[in-house]
Amino acid sequence: MAHYDFKTIEAKWQKNWADKNLFKVTEDESKEKYYVLEMFPYPSGKLHMGHVRNYSIGDVIARYKHMAGYNVLHPMGYDSFGLPAENAAIKNGVEPAKWTWSNIAEMNVQLRRLGLSYDWDRTVATCHEEYYKWMQWIFIQLYKKGLAYKKENPVNWCPSCATVLANEQVVDGCCERCGSVVGKKSLSQWYFKITDYAEKLLSNLETMDGWPNKVKIMQKNWIGKSVGAEVDFEIEGFDRKLKVFTTRPDTLYGVTYMVLAPEHPYVEQLVEGTGYKAAVDEYLDKVEKMTDIERTSTTNEKTGVNIGRFAINPLTGKKVPVFISDYVLMDYGTGAIMAVPAHDQRDFDFAKKFDCEIIPVVDPGNPDIDINNLEAAFVAEGTMINSGQFDGMNNKAAIEKIIDHLVETGIGKKSINYRLRDWLISRQRYWGTPIPMIHCDDCGWVPEKEENLPVILPTDVEFTGKGESPVATSKTFVDTVCPVCGKPAKREIDTMDTFLDSSWYYLRYCDARNREEAFNYDKVKYWMNVDQYIGGVEHAILHLMYARFFQMALYDMDLVTTDEPFKNLLTQGMVIKDGKKMSKSIGNVVSPDEIISKYGADTARLFILFAAPPERELDWSDAGVEGSYRFLNRVFRLVTDMEDRVKAGADTYELKTSADKSLAYEMNATIKKVTEDAGGRFNFNTAISSIMELVNELYRYKEEKEINNSLLKAAVENMVKVLSPFTPHICEEMWEILGHTESIHNESWPVYDEKALVKDEVEIVIQLNGKVKEKLSVANGLSKDELQKLVMERDNTKELIGEKTVVKVISVPGKLVNIVVK
RNA sequence: GCCGGGGUGGCGGAAUUGGCAGACGCCCGGGACUUAAAAUCCCGUGAGAUUUUAUCUCGUACCGGUUCGACCCCGGUCCCCGGCACCA
């Protein structure tokens, strides 16, 4: 009996596939395409279980779709710019390029050991100049389109990484990467106008049925659309009007004070000559020194100062005081608010502390709430009061009416605000794509000429880990000439946020070796969209929104044919051990290398796919891995034991014995189950369990007196086929043992016979008052009435009912008969 | 605080349209084979009770409802996980 020697088998087939370039794919209009993509890794040098899970899921889908007749694009590459390479340079003096490329080489080996069906001819590495050349080209297109601009602004500054961070990269006021408390710094930085696409990014979500709801909701909240009105308030003795944004124009009559953000541009002029200047300056000074984390800390204690001015309510003419307070943010809305303490909890808290008037304008119509002595802001629906002509209306209905009134009287207008901010893309780092912009004293910022791309990242740099980009230390990089006027000029020394690199790599895969263009239009047209994208939920907002933005912008430039990149999204769960995330500090890390060496890649893949459905957390279990390994041994033994009989079998079979029927049923049921689970539902765990059932059935059949070799051939071969996307090496080997010379990968996916799934007899349940009392085998296809008649006429049933009275009988064909008795 | 997701045996999980709860696997127990062990194969395995080859009762976080019938639908409660968080 042959032994399952996974080491030899896996090495043999990996070489075989590579030699034949089995997974190479080209555009083929005669076939339906399928693009399956896993989020490419950062080449840290070490694959972890999360990667193995991600790529195993993708590989099953790719292999299944290929066998099912699709022209499958399944690429892999490296998101290879980024901080760790630079840190290695600072720490160990290794060149980032060298460090990165050696990591890529290492990961390449590890990925190949997993037996993944990638078209390696399409691989990309974002740090390769053939990639970042086109990254720069896309940047310039965005710039030309008006979607990239430079602006001096206070930005999130990580003191430890010595770089700026996008809003999305600040988590709880701390740097997403290193955890340092993020501060503020005023810097001139490049931004992308992602806010131009806020509405589209939001509204497209509605039709994206192939995305998990969770991710869509997270993006929706992040975009944060608010509909309301912009209202102009006059300020006494000031020639400019103060604009505010509100979602509650219905509460305009309840405004009792105004608040400006400390950074609001009017503050300086407004406080001039009021006698409040000293207090205001002191407050401004205090606020400026605060970090975001302090400023937004959850202690609801409001702070602020009166600036000694009065605003005039445009509807009532009432004079109200003006404050500054840090609970009003400069970068949302207009940086100023009208305060309605009766109907907004934050305003209420502030009013209580600063002793401002509270005027209720929405009546809850609830005797439990004392409207003139509120204990908290009333924010629910009610009836308008104290609001002039609008009294008596429902406040929701009044919103529209008041906006109409504002428009008629020229006081305000309808307005929409988004929480989404523009995307800050400059990084004061070395290991990233140089921003291809040049500053000329005469012409300002101008893009490098496209024929001069790529702007090569210099290598004559020093890594200090402090201050501005190391690129500035290059003797060759900075000085250049203006592409417009030819005078001496200076290059931008900042590099791009690496999230740009990953915002279009899926397009590059469609045409990865193109030296003339970023990607060919027709090739992209053929392959896009990505039919199935797979990755961790941690990318729900950042990467997945940036990539959508890129796709939309490129679509509007007619460079691509769709405005969304990813048709279906699968967010895989984390791999954990003993209920905790795998981490070095806890010491519960299981290395893929170790598992592959001990059990082989097929076992690793099988376990990871079997232990949990892909979206859920996966609890690593060493015993479970043993189980998967045992199963593969069991399958291998079965196939080698049955080899001669299978080879002797014919291509068609007849069912003679009941064991034949049972095996044929199990075979077809398994094909159906795996087809549904691997092809659409992606519940690989149940697909595998059904294959296990078929294998168990085959072991039973093996002991039969009469064995039908032809049926056995069909059952064994189909079993190997449906197993092959999960554990490809062992299946190739078994396929060869069974006498085949072509790769199983190029076999077509088996079809099940619906007729074979119709059993002659079905087991139905007899219930008494909904409780199962008896199971009964009856002929299949009985009607509701026939079934009921048959059951009710049985002696056993009569005995079951006994003295009781039958009230009702529910009969469900093929399922059950429920007798309701009293 | 707001918005999502979840809670099923000792464990991972299954139950696809409201119809046999616990598939498949792990663990554990028993047996066969073996000088022995490993491997393999077979049997058992939600809990409890009893008159124990079987029968009955309970059982999907908790309380209640709808229904002939609820892990599934509805209302309420508790707990866990994730996201956002002074966004006017």
Side-chain angles (χ1 to χ4, degrees), chain A residues 1 3 171-172 212-222 224-226 228 244-248 251 259 261 295-302 325-329 331-340 343-347 349-350 417-421 537-538 540-541 573-574 579 606-607 610-613 615-628 630-631 633-634 637 673 676-677 680-681 683 685-693 695-696 699 703 763-775 807-812 814-821:
Chain A
M1 184 173 60
H3 165 66
V171 178
D172 294 333
N213 226 3
K214 178 191 170 80
V215 174
K216 288 195 284 187
I217 287 166
M218 280 166 74
Q219 293 210 351
K220 190 180 166 187
N221 291 341
W222 192 265
K225 180 179 181 175
S226 291
V244 300
F245 171 72
T246 178
T247 53
R248 295 290 305 276
T251 62
V259 189
R295 189 163 162 175
T296 62
S297 79
T298 47
T299 55
N300 256 6
E301 192 68 17
K302 295 280 182 287
S325 171
D326 65 357
Y327 84 93
V328 175
L329 310 171
D331 56 357
Y332 181 76
T334 63
I337 60 151
M338 57 178 225
V340 187
H343 304 292
D344 181 287
Q345 190 57 42
R346 295 155 301 178
D347 297 347
D349 294 340
F350 188 91
N417 264 285
Y418 300 91
R419 302 171 71 155
L420 184 70
R421 310 290 148 88
V537 73
E538 67 273 16
I541 298 172
M574 265 200 311
L606 186 72
F607 168 72
F610 177 62
E615 294 194 277
R616 222 184 287 191
E617 251 179 14
L618 187 151
D619 203 351
W620 186 269
S621 143
D622 292 328
V625 178
E626 289 276 356
S628 293
R630 263 203 298 273
F631 172 72
N633 274 286
R634 193 167 146 86
R637 220 161 34 237
K673 180 84 184 142
E676 288 169 358
D677 283 349
R681 229 164 63 110
N683 280 9
N685 55 332
T686 51
I688 293 166
S689 79
S690 78
I691 299 171
M692 287 173 169
E693 284 177 88
V695 170
N696 290 344
Y699 265 90
E703 302 305 317
E763 193 175 69
I764 62 130
V765 171
I766 301 173
Q767 295 183 333
L768 204 62
N769 287 344
K771 293 219 162 88
V772 180
K773 291 291 165 186
E774 208 184 334
K775 290 171 187 181
V807 181
K808 195 173 174 183
V809 179
I810 284 103
S811 165
V812 183
K815 294 246 163 77
L816 59 84
V817 173
N818 186 14
I819 304 157
V820 185
V821 297

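Every chain is numbered from 1 and lettered A, B, ... according to where its sequence line falls, protein lines coming before strand lines.
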Closest to the [X] side chain: [options]?
X: W222(A); options: G19(B), A88(B), C84(B); result: C84(B)
X: L816(A); options: C86(B), A85(B), G19(B); result: G19(B)
X: K773(A); options: U57(B), G19(B), A88(B); result: U57(B)

Partners meeting ring pair (Phe, Tyr, Trp, His ring centres under 6.0 Å) with F610(A) (sequence neighbours left out):
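Result, ring pair (Phe, Tyr, Trp, His ring centres under 6.0 Å) vs F610(A): none returned.
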Return the set of residues passing ring pair (Phe, Tyr, Trp, His ring centres under 6.0 Å) with F245(A) (not counting sequence neighbours), or none when no residue passes.
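F245(A): no ring pair (Phe, Tyr, Trp, His ring centres under 6.0 Å) contacts found.
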Among all residues two or more places apart in sequence or in another chain, which pass the side-chain hydrogen bond (donor to acceptor under 3.5 Å, both in side chains) test with [X]?
X: R616(A); answer: none
X: T334(A); answer: none
X: K225(A); answer: E199(A)
X: N685(A); answer: none

Can you tell me which stems RNA chain B forms when a stem means 3 or more consecutive Watson-Crick or G-U pairs under 3.5 Å?
B:1-7 with B:78-84, B:10-12 with B:24-26, B:28-32 with B:40-44, B:46-50 with B:54-58, B:61-65 with B:73-77
[X] [atom1] - [N] [atom2] separation (whole Å):
X: Y418(A); N: A88(B); atom1: OH; atom2: P; result: 13 Å
X: L420(A); N: G83(B); atom1: CG; atom2: P; result: 19 Å
X: D331(A); N: A88(B); atom1: CG; atom2: P; result: 13 Å
X: L768(A); N: C56(B); atom1: CG; atom2: P; result: 11 Å
X: H3(A); N: A39(B); atom1: NE2; atom2: P; result: 14 Å
X: N683(A); N: G12(B); atom1: CG; atom2: P; result: 18 Å
X: Q345(A); N: A85(B); atom1: CD; atom2: C1'; result: 15 Å
X: H343(A); N: C86(B); atom1: NE2; atom2: P; result: 23 Å

Side-chain heavy-atom pair N769(A), V820(A) within 4.5 angstrom cut-off:
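Counting from C-beta outward, N769(A) and V820(A) do come under 4.5 Å.
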R421(A) and Y332(A), any side-chain heavy atoms less than 4.5 Å apart:
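Touching, per the 4.5 Å side-chain cut-off.
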Nearest-nucleotide wise, let me know which of M218(A) and E617(A) is further upstream toward the 5' end of RNA chain B.
E617(A)
Residue whose closest nucleotide on RNA chain B lies nearer the 5' end, R419(A) versus P613(A):
P613(A)
Within 45° of the six-membered ring axis of F350(A) and under 6.0 Å from that ring's centre, is NZ or CZ of K302(A) located there?
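Because its charged atom misses either the 6.0 Å distance or the 45° angle limit, K302(A) does not stack over F350(A).
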Using the [atom1] atom as the point on both nucleotides, what is the distance between [M] and [N], in whole Å?
N: C72(B); M: G19(B); atom1: P; answer: 11 Å
N: U67(B); M: A61(B); atom1: C1'; answer: 23 Å
N: C11(B); M: C28(B); atom1: C1'; answer: 11 Å
N: C74(B); M: A70(B); atom1: C1'; answer: 11 Å
N: U55(B); M: A21(B); atom1: P; answer: 15 Å
N: G69(B); M: C78(B); atom1: P; answer: 29 Å
N: A23(B); M: U45(B); atom1: C1'; answer: 15 Å
N: C68(B); M: U52(B); atom1: C1'; answer: 33 Å

For R248(A), give me all partners under salt bridge (charged side-chain N to carboxylate O under 4.0 Å, His left out), at least two apart in sequence or on another chain.
D250(A)
Reckon V328(A) touches a base, only the sugar-phosphate, or nothing at all at heavy-atom distances under 4.0 Å?
base
Under 4.0 Å, heavy atoms only, any strand: does K775(A) hit a base, just the sugar-phosphate, or nothing?
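Base contact - K775(A) has a heavy atom under 4.0 Å of at least one base atom.
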base_contact_polar (C86(B) base, K302(A) side chain, donor-acceptor, <3.5 Å)
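Indeed there is one.
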Syn versus anti for G59(B), judged by chi lying within 90° of 0?
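Judged by the O4'-C1' to base torsion, G59(B) sits in anti, the angle falling more than 90° away from 0.
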Is the glycosidic torsion of U45(B) within 90° of 0, making it syn, or is it anti?
anti
Can you check side-chain contact (heavy atoms from CB on, under 4.5 Å) on V340(A) and T246(A), steps first, answer last?
CA-CA 10 Å; V340(A) 187; T246(A) 178; over 6 Å; no
Counterpart residues, side-chain contact (heavy atoms from CB on, under 4.5 Å), relative to N633(A) (two or more places apart):
Y4(A), Y629(A), R637(A)
Partners of E538(A) by side-chain contact (heavy atoms from CB on, under 4.5 Å), sequence neighbours excluded?
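If we apply the side-chain contact (heavy atoms from CB on, under 4.5 Å) test to E538(A), skipping adjacent residues, there are no hits.
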For R637(A) and C41(B), is the shortest distance between a side-chain N/O and OP1 or OP2 below 4.0 Å?
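R637(A) to C41(B) OP1/OP2: side-chain N or O found under 4.0 Å.
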Do any side-chain nitrogens or oxygens of Y332(A) fall under 4.0 Å of OP1 or OP2 in A88(B)?
yes
Contacts under 3.5 Å, N or O only, protein and nucleotides 21-31 of chain B:
{"unit_1": "A23(B)", "atom_1": "O2'", "unit_2": "E693(A)", "atom_2": "OE1", "d": "3.4"}
{"unit_1": "G25(B)", "atom_1": "OP1", "unit_2": "N696(A)", "atom_2": "ND2", "d": "3.4"}
{"unit_1": "C26(B)", "atom_1": "OP1", "unit_2": "R630(A)", "atom_2": "NE", "d": "3.2"}
{"unit_1": "C26(B)", "atom_1": "OP1", "unit_2": "R630(A)", "atom_2": "NH2", "d": "2.8"}
{"unit_1": "C27(B)", "atom_1": "OP2", "unit_2": "R630(A)", "atom_2": "NH2", "d": "3.3"}

Closest heavy-atom pair and its distance - V328(A), G335(A)
CG1-O, 3.5 Å
So which protein nitrogen or oxygen atoms get under 3.5 Å of nucleotides 1-9 of chain B's nitrogens or oxygens?
none

